[in-house]
Amino acid sequence: MERVTGFGCSLGGVMAVYAATATPLVAACAGSALYNIAANEALKISQGPASFKVAFLDQVANLGPRTIASCPFTITPVR
């Protein structure tokens, strides 16, 4: 994602949507998880930065609750 502009700004927007119904920490984690799933799926079909951006946006738009829920993540405490 470092080769395409706009991902950080749009991630903030996605987190803000989640923040409407969740705590800030949960919203940040949920937004990051959504981005991770979408990026991994987009990477499978893209040919370069431009096609990755389009594929990523398609993945974000098309991901459903079941797909997101099937990719749980854990937070490991730092000691």
Side-chain angles (χ1 to χ4, degrees):
M1 287 190 207
E2 68 277 354
R3 295 171 56 188
V4 183
T5 61
F7 282 106
C9 297
S10 62
L11 176 57
V14 170
M15 290 177 179
V17 169
Y18 280 112
T21 61
T23 65
L25 177 61
V26 170
C29 291
S32 296
L34 172 77
Y35 260 46
N36 189 33
I37 296 165
N40 285 330
E41 293 302 313
L43 189 59
K44 294 175 186 176
I45 59 174
S46 64
Q47 302 293 316
S51 63
F52 176 80
K53 188 170 189 174
V54 171
F56 175 81
L57 293 173
D58 287 344
Q59 291 298 320
V60 169
N62 294 323
L63 283 176
R66 289 185 185 185
T67 303
I68 296 167
S70 71
C71 300
F73 65 94
T74 58
I75 298 174
T76 304
V78 177
R79 298 181 194 257

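Please read these numbers as outputs of a predicted model, since none were measured by experiment.
A chain of hydrophobic side-chain contacts below 4.5 Å, direct or via other Ile, Leu, Val, Met, Phe, Trp or Tyr residues, connects L43 to L57. Hydrophobic clustering (ILVMFWY, side-chain heavy atoms < 4.5 Å, transitive): V17 and L11 are in distinct clusters.
Rounding to the nearest 0.5 Å places NZ of K53 at 4.5 Å from OG1 of T5. Between the OG atom of S10 and the CE atom of M15 there is a distance of 10.0 Å, given to the nearest 0.5 Å. Considering OH of Y18 and OG1 of T23, their distance stands at 13.5 Å, rounded to 0.5 Å. Atoms CD1 and CG, from I68 and L34 in turn, are 5.0 Å apart once rounded to the nearest 0.5 Å. Interatomic distance, S46 OG to D58 CG, rounded to the nearest 0.5 Å: 11.5 Å. How far CD of E41 is from CG of L63: 7.5 Å, rounded to the nearest 0.5 Å.
Pairing each heavy atom of V14 with each of G31, the nearest pair is CG1-CA, 4.0 Å. Across all their heavy atoms, A22 and A27 have their closest contact at CB-N, 4.3 Å.
In this structure, Y35 and F56 have perpendicular ring planes: the angle between them is above 60°, well past the 30° mark.
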